[in-house]
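To keep things clear, I will list the structure first and then write my remarks on it.
Just so it is clear: chains get the letters A, B, ... in the order the sequence lines come, proteins before strands, and each one is counted from 1.
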Amino acid sequence: MNFEFNEDQNLLREQAQGFLADNCPPAAVRAVLDGDAEYDADLWQKIVEMGYTATVIPEEFGGLGLSYLELSVIAEELGRVAAPVPFSSSVYLATEAILMAGSQEQKEAWLPKLAAGEAIGTFALSEGHGRATAEELQTSVSDGALTGTKIPVADGGIANVAVVVASNGLYLVDLDGAGAERESVRTLDFARGHSRIDFNGAPAEALGDPSDGWALTQKLLDRAAVLFAWEQVGGAQASLEMAKEYALGRYAFGRPIASYQAIKHKLADMYVKNTLARSNCYFGAWALDTDAAELPIAAATARVSSTQAFYYASKENIQTHGGMGFTWEFDCQFYYRRAKLLSVNLGSESMWQSRLITAVEQSNAA
Amino acid sequence: MNFEFNEDQNLLREQAQGFLADNCPPAAVRAVLDGDAEYDADLWQKIVEMGYTATVIPEEFGGLGLSYLELSVIAEELGRVAAPVPFSSSVYLATEAILMAGSQEQKEAWLPKLAAGEAIGTFALSEGHGRATAEELQTSVSDGALTGTKIPVADGGIANVAVVVASNGLYLVDLDGAGAERESVRTLDFARGHSRIDFNGAPAEALGDPSDGWALTQKLLDRAAVLFAWEQVGGAQASLEMAKEYALGRYAFGRPIASYQAIKHKLADMYVKNTLARSNCYFGAWALDTDAAELPIAAATARVSSTQAFYYASKENIQTHGGMGFTWEFDCQFYYRRAKLLSVNLGSESMWQSRLITAVEQSNAA
Amino acid sequence: MDFKDTPEEAQFREEARAWLTDNVPTEAEMEGLDFMERAKLWQKSKYEAGWACLRWPKKYGCKEATAIEQVIWNQEEAKFSNLPLGVFGIGQGMAAPTLMTWASDEVTDRFIPRLASGEDVWCQLFSEPAGGSDLAALRTKCERDGDDWVINGQKIWTSGAHYSDWGILVTRSDPSVPKHKGLTYFFLDMKSPGVEIKPIKQISGDANFNEVYFTDVRIPDSQRLGEVGQGWQVSITTLMNERASIGGGSSPVRFSSLFELAQKVNIDGKPAIEDSSVRAKLADWYCQESGLKYTGYRSMTALSQGAVPGPENSIGKLVGAPKTQDMASFAMDLLEMSGAVWDPEFAPEAGLFQQAFMGAPGGRIAGGTDEIMANIIAERVLGLPQEPRLDKGIPFSEVPTGS
Amino acid sequence: MDFKDTPEEAQFREEARAWLTDNVPTEAEMEGLDFMERAKLWQKSKYEAGWACLRWPKKYGCKEATAIEQVIWNQEEAKFSNLPLGVFGIGQGMAAPTLMTWASDEVTDRFIPRLASGEDVWCQLFSEPAGGSDLAALRTKCERDGDDWVINGQKIWTSGAHYSDWGILVTRSDPSVPKHKGLTYFFLDMKSPGVEIKPIKQISGDANFNEVYFTDVRIPDSQRLGEVGQGWQVSITTLMNERASIGGGSSPVRFSSLFELAQKVNIDGKPAIEDSSVRAKLADWYCQESGLKYTGYRSMTALSQGAVPGPENSIGKLVGAPKTQDMASFAMDLLEMSGAVWDPEFAPEAGLFQQAFMGAPGGRIAGGTDEIMANIIAERVLGLPQEPRLDKGIPFSEVPTGS
């Protein structure tokens, strides 16, 4: 049994923790939260320099050719600091989509740029409220031109390239080119920019066979779900640690609030949820890395339990902080906002619960 | 605002509590639980003598002509002592069905007997596993003869008359007559007998218009749900009181376990659930008594919250008792068994959740 | 069992409704006035007609009404949605009863009519950063200096401090005795030199509370309430009068808002309301809302029969606050990928759900945390024992504080 | 990251599997033997081949294997479903390590090989009616009388007392000193005069535990372990060896059983598995089961790398026990009106769900309540402080007991 990160991966984690402690302290998150920027461009540049954006991209396309286990480690650490950067959009979604379905030409065109931070990527599926289905999508491509509106598009204001799910396929669109108009929309996580993008005949290249568009999208969602889940687990863990730290130092009626069972059992519940979620993420990372048949189950399991763990930990972290917890001045809000953002950014808990049972049914049928 | 039981009703409650303390102590429940009897026949006879079975039956049919508020009081008190008698089957279901849909002749034939305890009634809907629909029922009546199998029928072994839901109507069947064979089935509540009944051409009289059979069944379920809910709330309240009593007297580490937040908050949760359920039962009782248009909503609300409250209180009462709680010797089990029995006897929590939203939709549409 | 007023209640309701119908100012009449001006205008109008502070003694120009009459008035007044209420809540609900119990006639004769007529706005200066749920652990110091007291320290969570004329204040006069015994209670002019007020920004973006700093603030001894060292007893009077909330209070997100949303958005091509997991969740919330509503009706019945509202009313906040949080979160889930978008022109109901989600953590804490509410039910309703108290009987200065 | 054994582990697994394949008795070979005879037969066979009590020292005829080898053996042995395991668990898992730590060579030389070979069955006599979670509050008295000790009192929750040869026993030798200081530890012959054993019937109908009454039972001083008054330290040795459960343990009701049930029963004319509220519930349970499974894999990896299993393994019971209860309850809900029927010929899976529902309350209590498991995680994993202890440092006889 060897169900653990290896020494190199643990070293990478330590390095990432040090790097992020230096370059993404709470003040950095707060600067984006309080300001008008859509992301922390300096931090992003440094992340690129660390090679994190290049992690799983093969060397032939300018990447490091590392495994998804390394990327999982980075995802968790970025989640732990609530990094205000477009890593999930660019790496888990856009890069993944091209790796998964891109032609050699497309890979050559985009992967080196994505690896080197010369381009930021994103993913555009949602066209408004509710759970999207292939049948309901209005966006479509005809004669290589994309028309329709996507809202919200995470990091859409700063992305250079978008992977767009249209009613008739999965497409790659150069957002710096013609036919893509963006308008910033505000989400409850002010530390992450989102946009509405109106496509008016933007040139679009099919990713994979257009008739496989919806199936490819589902596969992409599974792959991204594992990495999102790691980021969520990182945030959940940070929330638990904040809550614990505060509860140990805060006294009421002559003793630390951490000695009251109401708080102790709350933190124990966080620990339990976080641990189960993390263990499911391990399995997700393994399945992603080995491209196992279990991926749909593993992804949904990791995603559902991480979403639940992060929501619980982030809200009960505030609760543990009492009055200070809901002030702007304290950092608890970073995780509460991010928990909700990450949970809807890739489809809700109940969507993933439903995907999980579908995956079990398909696995039983196979 | 006068949303409370009146003085006479409170007097009735006191009287019922005294009567049941004398005649339905835990030993009486235990005697049925441990023995082979399907109910406590002595207790039943005394309940009849108290007039409880006659409560809402009009005086012209030998009843007391009291309101559903009085019956609610009795239901709660019977629930509080987990009485091992067929009250719910005979009064909330059989009597209610005849009151609701019976002809003058049927009322004259059965209500005086049900009031005076000369007959025990029951209700037969289920034909096996899963949520019954009108379309799936196999039992049917042709030329006044009922054929099919009902399982389980609560108190089916001791009932004299059954209200049977057949695929083509709601029927009244004399179980002491020909064509009804009963076999006892054991449920997890050994204090309440259940049976399988095979009908082989048993003479059956339609209750109401046979083409309204399913609609009448739904209305009957709504009416019975309020009374079941009161019985459930009574059991939930008894569970809370047992847990509180034990927690106050049981010491660990030099202080009563009732002084630990894990126990305090558990009991507070029970109190909250019980209080919400009880308040919903008040509304249910009002709607039942006034035959209000709100009855479907009121019934489902009372039923869902009482089912949840009783399950929670009965299981956490055992938990509060620690090791002793799951011994046969202690009485916690009465409520744990009864909670589950009552919750499935009239359809599950999720069936009633679904009915509630349907009722809201219908109320909005009206 | 019915939902009707008694004949007396019905008559009172009729009178109240008639007066309100005739006297509630129209939007036109209030045009150009700011929130505070509107509030003062309306309060003065009520006072002049004898409808202000209904339960107060006749000698202050009030009606000496019953508790249920107060409830009926509140219900009727609440039907007029343009009325600026709430500004006087702390002064009338907490400061006034404290003054009536502890102050001299001279003080009450001066202040109570002004409180009733809305001339003065009061705030409450109890909570401190180190206090939280442990209110009596406050540290703001008072020291005697001639006929005055000198106050130094910091208060927090003070609603309305910035527009208040007066404040009620608990301070520590003696840290060498046990916690509850070394407190002294004052009222003070909020414009006193040395009082500094800073708004606290919440994560919802609102700023409903303030920090209040005291630097050598002087209060005349004549503004002391109760004896030196008796401040905790005086505070109890204030806290007992914290308006007992009947029923569930109002939540920004209700069953009906979620129900409507679930009719509008789709899951797999069908309205979400047809999805049985959505139905199950909505049903549970309906049951909670309905349970709180009818619990409120039962409390009102008790009030109508002369009972005093008790700690059992904590149930409204204990159930309502986390419910709001979970409902808001679920509403955003129903919206799926667009759930996090807060732009009012895009988000349903102008961002109601996102706003409620960000406000909910405060709702679960302000006015008593979920955990304190559960303690209140456990201890004061069910009669379970307190946790062991390590701060009992030892000098305040020796109670461990972790800092 | 993979699920593979190391080469050494793989080799060990191969050897274990080969021996098991050759030596596990067939049903025919065990015909006519009762449960205890089968258990003893199998244990003896393992002992003779060197496969019993793998981790014990070679001097007792064992392999001195590693922790991970023990896990591998357990996995392989568990694949043979007809093996009667469990009878020796307390003796080998708790009594033996205690003897090895605290007893004389004479005692260990006599008893350890018999424990390994299955000749003797042991039970553990710690819990008392007044004890529960507060184990050290035990009251069973021991009094010195010549070379013997005389025991009076009562133990409870003793698994296997009725078929045990020997028992380990903690008693109170001195009630005038604080709780943990007045205990003395023995082992005793369960056939001693004055020992009376009564089975405890559980609400599930099972009787897995006993009450054991002691009336003037005499134990030679040579059967004392540790010094007089040192019983708590000896007990700690026993308790530390309570077999650390890796992963979730086995629950009678699993995701797969509910999934199958939901395929078979209908809701509104369609299989329940198509109902989205059913799917949502099942998904959550799947995630919990899967989370426990992979947490177990991580623990096994740590074990494989030489770590000692710690308190974090409490998670299995804390999550698993209430989950079993809720799943069983939900299964009965899926059956609707027939859910309560327990007749094995009618109820699905011969009444598995009803049986699990009635067994679950015991699962949430025996071996540490949910609340104790949460305390263990809070205190021993997260490092949060204990609750204040009112029984510390005062004579046991003066600790409040409520009776």
I'd like to check [X] versus [Y] (side-chain heavy atoms, cut-off strictly below 4.5 Å). Are they in contact?
| X | Y | value |
| --- | --- | --- |
| Y297(C) | E4(B) | no |
| V304(B) | Y286(C) | no |
| I315(C) | L276(B) | yes |
| M1(C) | N6(B) | no |
| R255(B) | P388(C) | yes |
| T275(B) | E312(C) | no |
| F255(C) | V360(B) | yes |
| L240(B) | L382(C) | yes |

Does a donor on one side chain sit under 3.5 Å from an acceptor on the other, for T301(C) and N2(B)?
-> no
Working to the nearest 0.5 angstrom, can you tell me the gap between [X] [atom1] and [Y] [atom2]?
| X | Y | atom1 | atom2 | result |
| --- | --- | --- | --- | --- |
| S350(B) | R279(C) | OG | CZ | 12.0 Å |
| H265(B) | D370(C) | NE2 | CG | 9.5 Å |
| M1(B) | S299(C) | CE | OG | 10.5 Å |
| W352(B) | C287(C) | CH2 | SG | 11.5 Å |

E9(C) portion near chain B, given a 4.5 angstrom heavy-atom threshold =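 For E9(C), the side chain is the part near chain B, not the backbone.
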Quick one: what part of Q263(C) sits under 4.5 Å from any heavy atom of chain B, side chain, backbone, both or neither?
-> neither
Taking side chain as everything from C-beta outward and backbone as N, CA, C, O, which of these in [X] sits under 4.5 Å from a heavy atom of chain C? Side chain, backbone, both or neither.
| X | answer |
| --- | --- |
| Q308(B) | side chain |
| L267(B) | both |
| T290(B) | neither |
| D269(B) | neither |

Using a cut-off of 6.0 Å, state whether more than 12 heavy atoms not belonging to Q75(C) lie near its atom CD.
->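 For Q75(C), atom CD is crowded (more than 12 foreign heavy atoms under 6.0 Å).
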More than 12 heavy atoms from other groups under 6.0 Å of NZ on K79(C) =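 Yes - once you tally the heavy atoms of other residues, nucleotides and ligands closer than 6.0 Å, there are more than 12.
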Heavy-atom closest pair, residues [X] and [Y]:
| X | Y | result |
| --- | --- | --- |
| T301(B) | S290(C) | CG2-OG, 3.3 Å |
| A374(C) | A268(B) | O-CB, 3.7 Å |
| L248(B) | P385(C) | CD2-CD, 3.7 Å |
| S279(B) | R298(C) | OG-NH1, 2.9 Å |

Counting heavy-atom pairs under 4.5 Å to chain B, which of N375(C), T6(C), I273(C) comes out on top?
->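 The option with the most such pairs is N375(C).
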Do you know which of V319(C), D284(C), I72(C) has the most heavy-atom pairs with chain B at a distance under 4.5 angstrom?
->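 It is D284(C).
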Side-chain (E387(C)) to main-chain (Q261(B)) donor-acceptor, under 3.5 angstrom =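 Pair found, side chain donor or acceptor close to backbone of Q261(B).
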Is there a donor-acceptor pair closer than 3.5 Å between any side-chain N or O of K293(C) and the backbone N or O of N280(B)?
->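 Side chain of K293(C) to backbone of N280(B): no pair is present.
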Go through the steps for M300(C) and F3(B) under the test side chain to side chain contact (heavy atoms under 4.5 Å, CB included), then give the verdict.
-> CA-CA 8 Å; M300(C) 273 179 45; F3(B) 199 57; over 6 Å; no
Identify which of R278(B), K273(B), R355(B) forms the greatest number of heavy-atom pairs closer than 4.5 Å to chain C.
->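 With the most close heavy-atom pairs to chain C, the winner is R278(B).
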Are Y294(C) and W286(B) close enough that their ring centers fall under 6.0 Å?
->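 No, the ring of Y294(C) stays outside the 6.0 Å limit from the ring of W286(B), centre to centre.
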